[in-house]
Amino acid sequence: MHRFLDLADFSRDDIVALLELARRLETHPEPRALAGRILGLVFFNPSLRTLASFQAGMARLGGSSFVITPGQGTWQLETRLGAIMDGAAAEHVREGLPVLASYCDALGIRAFAEGRDLAADLAETRFAAMAEVIDKPLLNLESAMNHPCQALADWKTMDDLAVPQHGKFVLSWVSHPRALPLAVPAAAVHMAAMRGMEVVVLRPEGYALPPAIIAKARAAADAAGGSVRETSERDDALAGAHVLYAKEWGSTTHYGDAEGDAKLRAKLADWCVTPDWFGRADPACRFMHCLPVRRNVAVTDAVLDGPRSIVQREAYNRMTAQMAVLHRMLS
Ligand code: CP
């Protein structure tokens, strides 16, 4: 494996094999598998889980890692192609990233959507420009429209807890004070579709996922025997659900327009998951969220602390799933 950028770059069988490897490494640890190997991690945006789980996973396999947060103790890096660099950034990624890649055996990059131009973010122009200058194995630690590490961990979490392969997976928009990127919702619907699930995207008007994201998920669903649809009807969406996956994202009809988005979301405070959302769901319905999450804005304490919540297991599985990726990439 040379690159881990998108689950769609792999077959379903590849992903199933990767998850088997993750389980094997859990039961039969290999503390020397990556001895002498070095992972570089570049974070243009903050993180708790991704940063810590990659460092811990690398250490558990006998390797080591370094972390760069551009502009915090290191030079600020310019990412725009053709920029006149007379501002704060002292160095361009076209020099900085190959330098970092030369020090390590694989590089991971987190660079969120810029949130101004939906077409540019959908095309992953910023991440692609950086990937182009790196000649080492590369990991996507969350880009504009993808979070494959989160998706892999979520798939493993559902397998661990015996969520039916063709069960009903409801991705629901939930409230947040501001517009967040589309990376996790896009990755989650694609992952669940690839797993073969009945995927329902529940969202208020103005928050429909872009057609390209839905089309990609539908193609995965067609291949795996699943389905994908969108609705704004909560009762219909949640009837018989095996998973309620909550996520916050920005309005797609007001993309890049913070004021327009804010006006729309001001009326949507009731999109906070409470126990009664599960009234018509399957009795064993699980609550998922990638974290971080705002308590009593996106989800109530009662749900997050209740028996349906599997958010801690998702976060733990960031490490186990990524260890399999690192093992496949570097051993
Ligand atoms: N879910 C996730 O990627 O968490 P962090 O932003 O803390 O890495």
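Read the numbers this way: they start at 1 and go in the same order the structure lists the ligands and their atoms.
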Subject >> Cationic N near anionic O, under 4.0 Å, Glu78 to Arg94 >> reply: no
**OP:** Name the closest protein heavy atom to atom 2 (C) of ligand 1, giving the residue it belongs to and the distance to 0.1 Å.
**Re:** Arg318 NH1, 3.4 Å
Subject >> Positive for salt bridge (Lys or Arg N to Asp or Glu O under 4.0 Å) with Asp236, one of Arg280, Lys168, Arg229 >> reply: Arg229
Original post:
Which atoms of ligand 1 are found less than 4.0 Å from any heavy atom of Leu291?
Top reply: 1 (N), 2 (C), 4 (O)
Original post:
Should Arg295 and Asp305 count as an ion pair when the cut-off is N to O under 4.0 Å?
Top reply: yes
**OP:** May I ask you to identify the nearest protein heavy atom to atom 7 (O) of ligand 1, giving residue, atom name and distance to one decimal place in Å?
**Re:** Leu48 N, 2.7 Å
Original post:
Within the distance-only criterion (no hydrogens, no angle test), does the side chain of Lys136 pair as donor or acceptor with the backbone N or O of Cys104 below 3.5 angstrom?
Top reply: yes
**OP:** Could you list which atoms of ligand 1 come closer than 4.0 Å to a heavy atom of Thr50?
**Re:** 2 (C), 3 (O), 5 (P), 8 (O)
**OP:** Return yes or no for this condition: an N or O of Glu142 is under 3.5 Å from an N or O of ligand 1.
**Re:** no
**OP:** If you have a sec, work out which protein heavy atom is nearest atom 4 (O) of ligand 1 and how many Å separate them, to one decimal?
**Re:** Arg49 NE, 2.9 Å
Original post:
What residue and atom, counting heavy atoms only, is the protein's closest point to atom 6 (O) of ligand 1, and at what distance?
Top reply: Arg110 NH1, 2.9 Å
Original post:
Is the Trp271 ring parallel, tilted or perpendicular to the Trp173 ring (thresholds 30°, 60°)?
Top reply: perpendicular
Original post:
Once the angle between the rings of Phe287 and Phe278 is folded into 0 to 90°, is it parallel (under 30°), tilted (30 to 60°) or perpendicular (over 60°)?
Top reply: perpendicular
Original post:
Are Arg313 and Asp160 within salt-bridge range, i.e. N to O under 4.0 Å?
Top reply: yes
Original post:
What part of Glu314, side chain, backbone, both or neither, has a heavy atom within less than 4.0 angstrom of ligand 1?
Top reply: neither
Subject >> Proximity of Leu51 to ligand 1 by residue part, where a heavy atom lies under 4.0 Å >> reply: neither
Subject >> Carboxylate-amine/guanidinium proximity below 4.0 Å for Arg24 and Glu30 >> reply: yes
Subject >> Taking atom 3 (O) of ligand 1 as the reference point, the nearest protein heavy atom with its distance >> reply: His147 NE2, 2.8 Å
**OP:** Could you tell me which atoms of ligand 1, counted from 1 in the order shown, lie closer than 4.0 angstrom to a heavy atom of Cys290?
**Re:** 1 (N)
